Amino acid sequence: MRLFGCEFFVSLSGNKKMGKIKTEIKEFVILLKSVPAAITVLFVMTLIAMNLLANKSIDIPLDFLALDCGIAVSWFAFFAMDVVTKHFGPKAATQLSIFALIVNLTFCLFMFIGSIIPGSWGEAFTEVGIDGNVNSALDKTFGGTWYVLVGSSVAFIASAIINNFSNYAIGKLFKKNPDGAPAYILRTYVSTAIGQFADNLIFALIVSHFFFGWTILQCVTCAATGMVAELLCEAIFTFFGYKITKRWKARGVGKEYFDFTESKNQSGIAATENQEITEGKSS
């Protein structure tokens, strides 16, 4: 009898877990429908561009300083995450970041397949014929390098979590006017600065230090300088980010998502209360 009872509870527990997984998947699908497509598309394109541009270092006449061209677009990723965090919350922004990363990795696979297909790139043709070195370099650039891909993926996910939840935590400090411009500016600047520094430093330590020969000082200065440069880029568009969140709220963007999450939370509270009552009676 005890064995059958154990099997019953294991089965019940498994059903509950499957139910939670299905609920989370449904919530994520509703989130993708709720976030304006322009933000999602530009977010994904930014990650793809970051991977390619990170392969090119910027020539700087200072030995202790090193930067790559990824800083040209990486600021938009944090801009998008800040906007989504402000309106939908840190969990939604993190889920969107993971989705963007998965899409990016998928396209990296497609580009790798394209790089190993026999043929020549347009830029490989010179006045004297096909330059094999140029063609090989282009294959390796677009095909991607495993350590660059791993480093950028780890750095992005870590920095996304740091940025999204620090942004949310800073916003909670503003009790009187959480939707005001000062609150948005502070939560955006601080979280972006922390997130950008973490992103640049993690990538530099994983990739640049071990594979490009950067010193630890170069990694730290790159992280700090990149943080400042990217923060300045985002600062230029902070006003637009604030206006976007105000417009979303006024138009009720994401109502289906908010209704679903509220219903899910209420169901979870009710289930917890019923479990406590049941446990109390059995004891």
Side-chain angles (χ1 to χ4, degrees), residues 28-29 31-33 35-58 67-85 88 92-117 119 121-124 134-164 192 195-196 198-204 206-208 211-212 222-223 226-227 229-231 233-234 236-237 240-241 244:
F28 176 66
V29 171
L31 173 66
L32 288 183
K33 290 165 51 181
V35 177
I39 289 291
T40 303
V41 170
L42 291 174
F43 190 18
V44 172
M45 290 178 63
T46 296
L47 294 194
I48 296 173
M50 281 169 57
N51 269 351
L52 289 174
L53 293 174
N55 288 279
K56 183 177 182 179
S57 296
I58 299 175
L67 291 173
D68 62 68
C69 292
I71 65 171
V73 294
S74 60
W75 64 269
F76 183 84
F78 287 85
F79 171 86
M81 286 188 290
D82 289 337
V83 170
V84 174
T85 298
F88 291 94
T94 302
Q95 288 179 330
L96 189 65
S97 300
I98 295 173
F99 169 76
L101 178 62
I102 293 173
V103 174
N104 172 57
L105 293 175
T106 302
F107 272 88
C108 285
L109 175 61
F110 293 151
M111 287 190 289
F112 171 74
I113 294 173
S115 71
I116 62 176
I117 294 175
W121 294 90
E123 289 300 318
V134 172
N135 200 65
S136 177
L138 288 171
D139 279 336
K140 291 178 181 178
T141 299
F142 284 90
T145 308
W146 69 267
Y147 52 81
V148 173
L149 194 59
V150 170
S152 62
S153 299
V154 172
F156 174 71
I157 287 299
S159 62
I161 294 172
I162 292 171
N163 177 84
N164 297 340
T192 296
Q196 287 279 17
D199 180 52
N200 296 330
L201 183 61
I202 294 172
F203 179 82
I206 294 177
V207 178
S208 303
F211 297 97
F212 296 160
C222 169
M227 174 195 72
E230 293 162 341
L231 188 60
C233 290
E234 184 174 351
I236 298 174
F237 297 95
F240 297 100
I244 287 173

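In what follows, residues are counted from 1 in the order of the sequence shown. Not measured: the values here are computed from a predicted model.
With rounding to the nearest 0.5 Å, the separation of CE in M111 from CG in L52 is 5.0 Å. Of the inter-residue distances, the one linking I48 atom CD1 with L53 atom CG reads 12.0 Å to the nearest 0.5 angstrom. One finds the CG atom of N163 at 5.0 Å from the OG1 atom of T192 (value rounded to the nearest 0.5 Å). Interatomic distance, CZ of F88 versus CG of L31, reported as 6.5 Å (0.5 Å rounding). We find the CD1-CD1 distance between I98 and I157 to be 5.0 Å, quoted to the nearest 0.5 Å. The distance from the CZ atom of F156 to the CE atom of M81 is 5.0 Å, given to the nearest 0.5 Å.
The minimum heavy-atom distance between G151 and I206, with the atom names listed, is CA-CG2, 3.8 Å. Contact between F78 and Q196 at its shortest, heavy atoms only, is CD1-NE2, 3.1 Å. What you find for A198 and I162 is that their closest heavy atoms are CB-CD1, 3.8 Å. Between T46 and V73, the shortest heavy-atom contact is CG2-O, 3.1 Å. The nearest pair of heavy atoms linking A158 to I202 is CB-CD1, 3.7 Å. Scanning both residues, S152 and F203, for their nearest heavy atoms gives N-CD1, 3.5 Å.
Using a 4.5 Å heavy-atom threshold, the side chains of L101 and N104 count as touching. Residues T85 and T94 form no side-chain contact, since every pair of their non-hydrogen atoms from C-beta on lies 4.5 Å or further apart.
Using cut-offs of 30° and 60° for the angle between ring planes, the F79 and F237 rings count as perpendicular.
Under a 3.5 Å cut-off, the side chain of S115 and the backbone N or O of F112 do form a donor-acceptor pair. N135 places a side-chain N or O within donor-acceptor distance of the main-chain N or O of G119, the cut-off being under 3.5 Å. Looking at N164, its side chain does come within 3.5 Å of a backbone N or O of A160 through a donor-acceptor pair.
Judged purely by distance below 3.5 Å, without hydrogens or angles, the side chains of D199 and S74 never pair a donor atom with an acceptor atom.
Listed by chain and number, the residues in a side-chain contact (heavy atoms from CB on, under 4.5 Å) with I117 are I113 (sequence neighbours excluded).
F142 pairs with exactly one of F110, F107, W121 by the ring-ring contact (aromatic ring centres under 6.0 Å, His included) rule, that one being W121.
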